[in-house]
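FYI, the numbering just counts along the sequence from 1. Keep in mind that what you see is a predicted model, and the values were worked out from it rather than measured.
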Amino acid sequence: QVQVVESGGGPVQAGGTLRLSCAASRYTGCKYDVRWYRQAPEKEREFVSGIDRDGTTSYADFVKGRFTISQDNAKNTVYLQMNSLKPEDTAMYYCKAVPPKDLTVYSSWCLQLYNSWGQGTQVTVSS
């Protein structure tokens, strides 16, 4: 099985900082872009941030100016730096690998990666 794994979550006070990490559980050989999502109890999963292989980044409006996504290609790891955390940021944060927009052919092995979700890492922000 190939999947992404998240880490770095935990309890933090409002105004605090966390850095989440997302990495493949093993070498995949796949090309992929990365997206961060979050989901609070009884709420729908929502997009937080994304980064493409070409370095293009995107952010949901509610995190602009506070969160920064980056990647370390040598480590095949994506980071989500979260500053000025608010209680409403409390959620399970998930990392997802998605196929690049210009990729039209890929293996079933990579499809397994694209179709999977990480186990998530819990972020709890107290006031």
Inset, instruction - Begin from the C-alpha positions of Phe47 and Trp36 and carry the test ring pair (Phe, Tyr, Trp, His ring centres under 6.0 Å) through to its verdict. - result: CA-CA 6 Å; Phe47 170 80; Trp36 282 99; over 10 Å; no
In Å and rounded to the nearest 0.5 Å, what is the [atom1] to [atom2] distance from [X] to [Y]?
{"X": "Ile69", "Y": "Ser58", "atom1": "CD1", "atom2": "OG", "value": "7.0 Å"}
{"X": "Leu20", "Y": "Ser49", "atom1": "CG", "atom2": "OG", "value": "10.5 Å"}
{"X": "Arg19", "Y": "Leu80", "atom1": "CZ", "atom2": "CG", "value": "10.5 Å"}
{"X": "Met82", "Y": "Arg38", "atom1": "CE", "atom2": "CZ", "value": "9.0 Å"}
{"X": "Ser21", "Y": "Lys75", "atom1": "OG", "atom2": "NZ", "value": "9.0 Å"}

Let me check something: any side-chain donor-acceptor pairs from residues 3-12 under 3.5 Å, sequence neighbours excluded? List them with distances.
unit_1: Gln3; atom_1: OE1; unit_2: Gln1; atom_2: NE2; d: 3.4
unit_1: Glu6; atom_1: OE1; unit_2: Gln119; atom_2: N; d: 3.1
unit_1: Glu6; atom_1: OE1; unit_2: Gly120; atom_2: N; d: 2.9
unit_1: Glu6; atom_1: OE2; unit_2: Cys95; atom_2: N; d: 2.6

Legend entry - Short N-O contact, Arg35 and Asp52, less than 4.0 angstrom: yes
Legend entry - Ion pair check, Asp89 and Lys86, cut-off under 4.0 Å: no
Inset, instruction - Mind telling me whether Tyr93 and Phe67 have parallel, tilted or perpendicular rings, with 30° and 60° as the class edges? - result: tilted
Legend entry - Check: Asp33 main-chain N/O paired with Arg53 side-chain donor or acceptor under 3.5 Å: no
Legend entry - Quiz item: cation-pi between Arg45 and Tyr94, 6.0 Å / 45°: yes
Inset, instruction - Side-chain contact test, heavy atoms from C-beta onward, threshold under 4.5 Å: evaluate it for Cys30 versus Tyr106 and give yes or no. - result: no
